[in-house]
Student: 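First, the structure itself, so that you have it in front of you.
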Amino acid sequence: MRDTYCGTLRKDDVARTVTLAGWVFRRRDHGGLIFADLRDVTGIVQIVFSPEIAKEAHDRAGDIRGEYVLKVTGSVRKRPVETENLNIPTGEIEVYVSDFEVLNTCKVLPFQLDDEDMNEAVRLKYRYLDMRRPEMQRIFIERSKAYKITRDYLTSQGFYEIETPLLTRSTPEGARDFIVPSRLNPSMFYALPQSPQLFKQLLMMSGFEKYFQIARCFRDEDLRADRQPEFTQIDIEMSFVTREDVIEVNEGLIITLYEALKGKKPPEVPFPRMTFADAMDKYGSDKPDLRFGLTITDLTPVFLNTELGVFKKTIESGGSVKALVLKGRTLSRKDLDVAVDTAKELGSGGLIWIRKDADGLQSPIVKFLNDEEKSQMISRLGVEPGDVVFIMADKPQKVSDLMGRFRLYLGEKYGLIDKSLDKFLWVIDFPLLEYNEEEKRYVARHHPFTSPKERLLGFDGDYEAILANAYDLVFNGVELGGGSIRNHRTEDQAEMFRLLNIKEDEAADKFGFLLEALEMGAPPHGGIAFGFDRIIMMFLGLSSIRDVIAFPKTQKGSCLLTGAPSRVAHRQLTELKIRTIVD
RNA sequence: GGGGUCGUAGUUAAGCCUGGUUAUAACGCCGGCCUGUCACGCCGGAGGCCGCGAGUUCAAUUCUCGUCGACCCCGCCA
C-alpha cells in the first residue's frame with residue numbers, strides 16, 4: 001500500500017515521489033495552504049496541500065480531521081529556508097501531496113493524544129488510543145527489543161526455550177492461586193501458575209540442562225504500582241551449577257539488557273554483593289537502595305545501662321536501639337514533627353530526634369542521657385553540629401524494617417538519592433525460613449524447593465539461623481529477580497518439608513510427583529527468575545508497571561477496556577457445576 | 001482487611017475551607033477568515049446529572065454520612 005515510512009524521510013530523499021500511509025497527527029489549515037503531520041509507527045513528517053501543486057487534493061484536504069487515516073502520494077521537497085523544524089528528525093523536508101485517499105475517518109477522540117497530563121483511568125478505557133502515542137509506542141518497541149535480546153543471549157549460551165502449562169495444579173505455599181474450573185471433572189480446578197517452578201525443575205530431570213522461558217505468571221494478591229496479577233518472568237533453570245554459575249550467566253543477561261535499553265554500561269561490573277544480614281543491619285531492607293548512604297547504626301551497646309525508660313524496657317526485652325544521622329540539615333521543629341508523624345504512619349511506636357547545634361544536643365530526651373551515653377553516641381555516629389539523629393527502639397527485626405522505611409523517607413524527602421546513579425546489587429545468604437505469625441509455623445522465605453547452604457538432615461537447632469542457597473538481584477532498591485540452588489535429593493527435600501511442618505502424606509499428595517522425580521537421577525540444579533515487566537520499567541525509568549504492560553489491570557484487578565472480570569451466563573456456570581454464594 | 005489522595009464541559013484543572021448571581025479557564029470541538037505553519041494565528045459559537053444515593057438547611061458543586069470508581073501505601077505478594 002505504501003513504499004515509504006513517514007519517520008524515515010531525510011534530505012537525501014528530496015525529489016523522490018513517495019507513497020505514505022498513516023494518521024493525521026495535527027493539521028494547520030492556513031486556508032490557502034494546508035499543513036498536516038502524518039504519523040506512522042516510525043514517526044511523523046509534514047505534508048503540504050497546496051492549490052498550486054494539486055488543486056483537487058487541496059480542495060478535499062479541508063475536510064481532513066485529526067486521526068483520519070490517509071494514504072498519500074507526493075514529492076519530497078526541501079523546506080524553504082527559515083521554515084525547517086529542527087525539533088523533528090524529518091524537519092528539513094516536507095512532502096507535497098499530489099493525491100491522497102482517506103482510508104478511514106475518525107470521530108473526535110475522548111482525549112488528545114499529545115496531552116501529557118492524562119487521567120490514567122481514561123487512558124486505560126481507551127488503551128488502544130493511549131498506545132497510539134509515540135511515547136507509548138517507544139516503550140513497547142523497547143520491550144519487543146528486550147524479548148529478542150533475552151532469547152538471543154540465552155540461546156547463544158546454550159539454553160533451550162520450552163513452554164510449560166498454564167492449566168496446572170494448585171499447590172499450597174506461596175501466593176493465592178487463580179483457579180480455573182474443569183468442566184470434564186466437576187468440582188475440580190486447575191490453577192494458573194504462580195511461576196513455572198516445578199516444571200522447570202522437572203525439565204532438569206529430563207536432562208535439558210539449560211532451560212528458559214519468557215513465562216506468564218499469575219498471582220491473586222493485591223496490586224501495587226509495581227505489581228500486576230498477571231506478569232511476565234524470564235524464567236531460567238540450569239543443571240550441574242553452583243550459585244556462582246547462575247549468577248555469572250544471569251549477570252551477563254542483565255548487563256546486555258541494561259546496555260540495550262539504557263545505551264550505556266552499568267556502573268560496576270561484576271555487580272557488588274551483600275549478605276542479607278548486612279543489608280538488614282545497614283539498610284533495614286532486603287533490597288537496599290544504594291544510590292544514597294544514610295546507613296543505620298546499632299546503638300544498643302551504648303544504652304545497655306540507660307535510665308531512659310523506652311530504651312531500657314526495649315533492651316531488657318531483647319530489643320534494639322537503632323539510629324540514622326541526617327547530615328548537615330538544620331531541621332525546624334515542624335520538619336521534626338513531620339518526621340515523627342511519618343514514623344508513626346510507618347508503624348513505629350515512636351521516633352526520637354536529637355539535634356546537634358553549636359550549643360550542644362537538643363532533644364526532649366536529652367536530659368535523661370548521661371555524659372557517657374552522649375559522648376559514645378556522638379562518636380559512634382560521628383555527629384557534628386547541624387546534624388539530626390533519629391532513633392527508634394523495638395524488637396530487632398521490627399526496628400530494622402522500620403528504620404529501613406524511614407531511611408527511604410528521609411532519602412526521598414531530603415533529596416539524598418542521586419537519581420542519575422544506577423546501583424545493582426546481589427543480595428545473598430538469605431534465611432531459608434521465616435516465621436509466619438498467622439499460620440504459627442515456619443514458611444520458606446524463597447520457596448520450599450530452595451536448598452540450604454549446608455545439608456540439614458535431622459536438623460534440630462535454630463530455624464532462623466539456617467541460611468539458604470538463594471540470591472536476589474536488586475536494582476536501585478527494587479527487586480528485579482531472585483533464585484536459588486534447589487534440593488536435588490529426595491531426602492533433602494523431605495527434610496525441608498519436615499522443617500515446614502508439612503506432613504509426609506500431605507507432601508506425597510501435593511508434591512509426590514516431584515519427590516518421585518528427584519529419586520530418578522535428578523541432577524544438581526538451580527535457577528532464577530526475573531520480573532520482565534519490572535526490568536523494562538526500571539531500565540526505561542518509569543514509575544508504574546502499567547506503563548510497560550499493553551493492557552494492564554487497575555488496582556482492583558479490572559480491565560477498564562474490556563470490563564473484565566464480568567458475570568458469565570448462568571448456563572456456563574451450570575455446565576461447570578458451579579454455584580455462586582453471593583449475587 | 002486497614003490508612004491516605006482524588007472524582008466539576010470531550011480532556012486537564014479552578015471554585016468547595018467561609019452554602020445563595022448565568023459554575024470559571026485552557027486545550028479540544030463546530031462555523032468564518034487566513035499561502036510558510038509546525039502547540040499556527042484571528043473572530044464567533046456550542047458544550048455540565050458538579051460520580052451516585054441519602055441527610056442537614058429556606059437553599060448543597062460547596063457541610064455530614066454512605067456508596068461506586070481511579071491512584072498511592074500497610075497487610076498480602078514462596
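The shown structure was predicted, so the numbers you read here are calculated from the model rather than taken from an experiment. Throughout, protein chains are lettered first and strands after them, A, B, ... in sequence-line order, and every chain is numbered starting at 1.
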Student: Write down the distance between CZ (A/R123) and P (B/G10), rounded to a whole number of angstrom.
Tutor: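 Taking CZ of A/R123 and P of B/G10, I get 21 Å after rounding.
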
Student: Rounding to an integer number of angstrom, what distance separates B/G1 and B/A9 when you compare their C1' atoms?
Tutor: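 Pairwise C1' distance, B/G1 against B/A9, rounds to 38 Å.
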
Student: Nearest whole angstrom, please: distance from the P of B/A39 to the CD1 of A/I44.
Tutor: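 So the two atoms are 9 Å apart, to the nearest Å.
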
Student: Using a cut-off of under 3.5 Å, enumerate the N/O to N/O pairs linking the protein to nucleotides 12-17 of chain B.
Tutor:
from: B/U12; atom 1: OP1; to: A/N119; atom 2: N; distance (Å): 3.1

Student: If pairing requires Watson-Crick or G-U wobble contacts with both distances under 3.5 Å, which nucleotide is the partner of B/A54?
Tutor: B/U64

Student: Can you check the A/D226 CG to B/C72 C1' distance for me, whole Å?
Tutor: 12 Å

Student: Tell me every residue that passes side chain to side chain donor-acceptor pair (under 3.5 Å) with A/T4, counting only those two or more places apart in sequence or in another chain.
Tutor: A/R16

Student: Figure out the OH/C1' separation between A/Y96 and B/U37, and round it to whole Å.
Tutor: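 Answer to the nearest Å: 11 Å.
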
Student: Please measure how far the P atom in B/U8 lies from the corresponding atom in B/G55, and state the result in whole Å.
Tutor: 24 Å

Student: Does B/C6 pair with anything, Watson-Crick or G-U wobble, both distances under 3.5 Å, and if so, with which nucleotide?
Tutor: B/G69

Student: Can you check whether A/S558 has a side-chain N or O nearer than 4.0 Å to OP1 or OP2 of B/A70?
Tutor: yes

Student: Take the protein atom CZ of A/F111 and the nucleotide atom P of B/U11, then report the distance between them rounded to whole Å.
Tutor: 11 Å

Student: Salt bridge check: are A/R445 and A/E434 linked by an N-O gap of less than 4.0 Å?
Tutor: yes

Student: Identify whether NZ of Lys or CZ of Arg in A/R123 sits under 6.0 Å from the centre of the six-membered ring of A/F111 and within 45° of that ring's axis.
Tutor: no

Student: Which comes earlier along RNA chain B counting from the 5' end, the contact point of A/R534 or that of A/S543, where each point is its nearest nucleotide?
Tutor: A/S543

Student: Could you please name the partner base of B/A39, counting Watson-Crick and G-U wobble pairs only when both distances are under 3.5 Å?
Tutor: none

Student: With sugar-phosphate meaning primed atoms plus P, OP1 and OP2, does A/P80 contact a base, only sugar-phosphate, or nothing at under 4.0 Å between heavy atoms?
Tutor: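 Here A/P80 touches the bases of the nucleic acid.
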
Student: What integer distance in Å separates A/E67:CD from B/G10:C1'?
Tutor: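 Going from CD in A/E67 over to C1' in B/G10 covers 15 Å.
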
Student: Determine which nucleotide pairs with B/A25, using a 3.5 Å limit on both distances of a Watson-Crick or G-U wobble pair.
Tutor: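 Pairing partner, where one exists within any strand: B/U12.
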
Student: Between the protein and nucleotides 1-4 of chain B, list every N/O to N/O distance that falls short of 3.5 Å.
Tutor:
from: B/G1; atom 1: O6; to: A/D222; atom 2: OD2; distance (Å): 3.4

Student: NA contact type, A/V443, heavy-atom cut-off 4.0 Å: base, sugar-phosphate, or nothing?
Tutor: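 Since no nucleic acid heavy atom lies under 4.0 Å of A/V443, the category is nothing.
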
Student: With rounding to the closest Å, how many angstrom separate the P atoms on B/A25 and B/G69?
Tutor: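 Result for the P pair: 34 Å, nearest Å.
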
Student: Quick one: label A/E84 by what it contacts on the DNA or RNA (base, sugar-phosphate, nothing), any heavy atom closer than 4.0 Å.
Tutor: base

Student: Compute both the distance and the angle, then confirm whether A/R407 meets the cation-pi test with A/F292: under 6.0 Å from the six-membered ring centre, within 45 degrees of the axis.
Tutor: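 Judged by the rule (NZ or CZ under 6.0 Å from the ring centre, within 45° of its axis), A/R407 counts as positioned above A/F292.
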
Student: Would you say A/K556 places a side-chain N or O within less than 4.0 Å of OP1 or OP2 belonging to B/G69?
Tutor: yes

Student: Regarding A/R79, tell me which of base, sugar-phosphate or nothing describes its non-hydrogen contacts under 4.0 Å with the strands shown.
Tutor: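 If one applies the 4.0 Å heavy-atom cut-off, A/R79 turns out to touch a base.
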
Student: Is the ring of A/H30 stacked on the base of B/U37, with centres less than 5.5 Å apart and planes under 30° off?
Tutor: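 It does not: the two rings, one from A/H30 and one from B/U37, miss the stacking criterion.
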
Student: Give a yes or no on whether a salt bridge exists between A/R79 and A/E84, defined as a side-chain N under 4.0 angstrom from a carboxylate O.
Tutor: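 A/E84 and A/R79: not salt-bridged.
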
Student: Given the structure, check if the side chain of A/E94 and the base of B/G36 hold any donor-acceptor pair shorter than 3.5 Å.
Tutor: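 Such a pair is found, so the answer is yes.
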
Student: Regarding A/R486 and A/E237, does a basic nitrogen lie under 4.0 Å from an acidic carboxylate oxygen?
Tutor: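 Yes.
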
Student: Is the closest basic N to carboxylate O distance between A/E412 and A/K419 below 4.0 Å?
Tutor: yes

Student: For atom C1', what is the distance between B/C50 and B/A14, given to the nearest Å?
Tutor: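 Here B/C50 and B/A14 have their C1' atoms 13 Å from each other.
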
Student: Once you apply a heavy-atom cut-off of 4.0 Å, does A/E52 come out as touching a base, just sugar-phosphate, or nothing?
Tutor: base

Student: Run the salt bridge (Lys or Arg N to Asp or Glu O under 4.0 Å) test against A/E221 and tell me which residues pass, sequence neighbours left out.
Tutor: A/R176

Student: Between A/A175 and A/L124, which is nearer to the 5' end of RNA chain B once each is assigned its nearest nucleotide?
Tutor: A/L124

Student: Measuring only the C1' atom in each nucleotide, how far is B/A26 from B/G53? A whole number of Å is fine.
Tutor: 33 Å

Student: What's the gap between B/U57 and B/C76 when it is taken at their P atoms, as a whole Å value?
Tutor: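 Result for the P pair: 46 Å, nearest Å.
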
Student: Carefully, step by step, assess A/K344 and A/D341 under the rule salt bridge (charged side-chain N to carboxylate O under 4.0 Å, His left out).
Tutor: CA-CA 5 Å; A/K344 279 196 185 130; A/D341 287 345; 5.0 Å; no

Student: Could you give all pairs that pass the side-chain hydrogen bond (donor to acceptor under 3.5 Å, both in side chains) test and reach residues 548-561 of chain A, with sequence neighbours left out?
Tutor: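 As it turns out, the side-chain hydrogen bond (donor to acceptor under 3.5 Å, both in side chains) pairs with a partner in residues 548-561 of chain A, which skip direct neighbours, are A/E230-A/K553, A/T554-A/S558.
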
Student: Taking all non-hydrogen atoms of both residues, which atom of A/P448 and which atom of A/N487 are closest, and how far apart?
Tutor: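 In terms of heavy atoms, the two residues are closest at O-ND2, 4.1 Å.
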
Student: Given the P atoms of B/U21 and B/A60, what is the spacing between them in whole Å?
Tutor: 12 Å

Student: Send over the distance from A/E221 CD to B/C74 P, rounded to a whole Å.
Tutor: 14 Å

Student: Sticking with atom P, work out how far B/A39 lies from B/G2, rounded to a whole angstrom.
Tutor: 49 Å

Student: Taking atom OG of A/S195 and atom CG of A/D235, what is their separation to the nearest 0.5 Å?
Tutor: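 These two atoms lie 6.0 Å from each other.
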
Student: May I ask which nucleotide in the shown strands pairs with B/U18, Watson-Crick or G-U wobble, both distances under 3.5 Å?
Tutor: none

Student: Does A/R27 make a side-chain donor-acceptor contact with the base of B/C38, cut-off 3.5 Å?
Tutor: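 No pair found.
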
Student: Would you call A/R224-A/D226 a salt bridge at under 4.0 Å N-O?
Tutor: no

Student: Can you tell me if A/Q397 has over 12 outside heavy atoms packed within less than 6.0 Å of its CD?
Tutor: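 No, because the 6.0 Å sphere around CD of A/Q397 holds 12 heavy atoms or fewer from other groups.
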
Student: Output the rounded distance in Å from CG (A/L561) to P (B/A70).
Tutor: 14 Å

Student: Taking atom types as modelled and ignoring hydrogens, do the side chains of A/D177 and A/S170 form a donor-acceptor contact shorter than 3.5 angstrom?
Tutor: yes

Student: Confirm from the modelled atom types if A/R227 and B/C76 form a donor-acceptor pair under 3.5 Å, side chain to base only.
Tutor: yes

Student: Give every pair of a protein N or O atom and an N or O atom of nucleotides 25-27 of chain B that lie under 3.5 Å apart, one pair per line with the distance.
Tutor:
from: B/C27; atom 1: O2'; to: A/Q112; atom 2: OE1; distance (Å): 3.2
from: B/C27; atom 1: O2'; to: A/Q112; atom 2: NE2; distance (Å): 2.5
from: B/C27; atom 1: O2; to: A/Q112; atom 2: OE1; distance (Å): 3.2

Student: Which part of the nucleic acid, if any, lies within reach of A/T554 when heavy atoms closer than 4.0 Å are counted: base, sugar-phosphate only, or nothing?
Tutor: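 Counting heavy atoms under 4.0 Å across all strands, the contact made by A/T554 is with sugar-phosphate only.
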
Student: Which of these nucleotides, B/G36, B/C34, B/A70, is closest to any side-chain atom of A/A121?
Tutor: B/A70

Student: Look at A/R28 and B/G36 and indicate whether a side-chain polar atom (N or O) is within less than 4.0 Å of OP1 or OP2.
Tutor: no

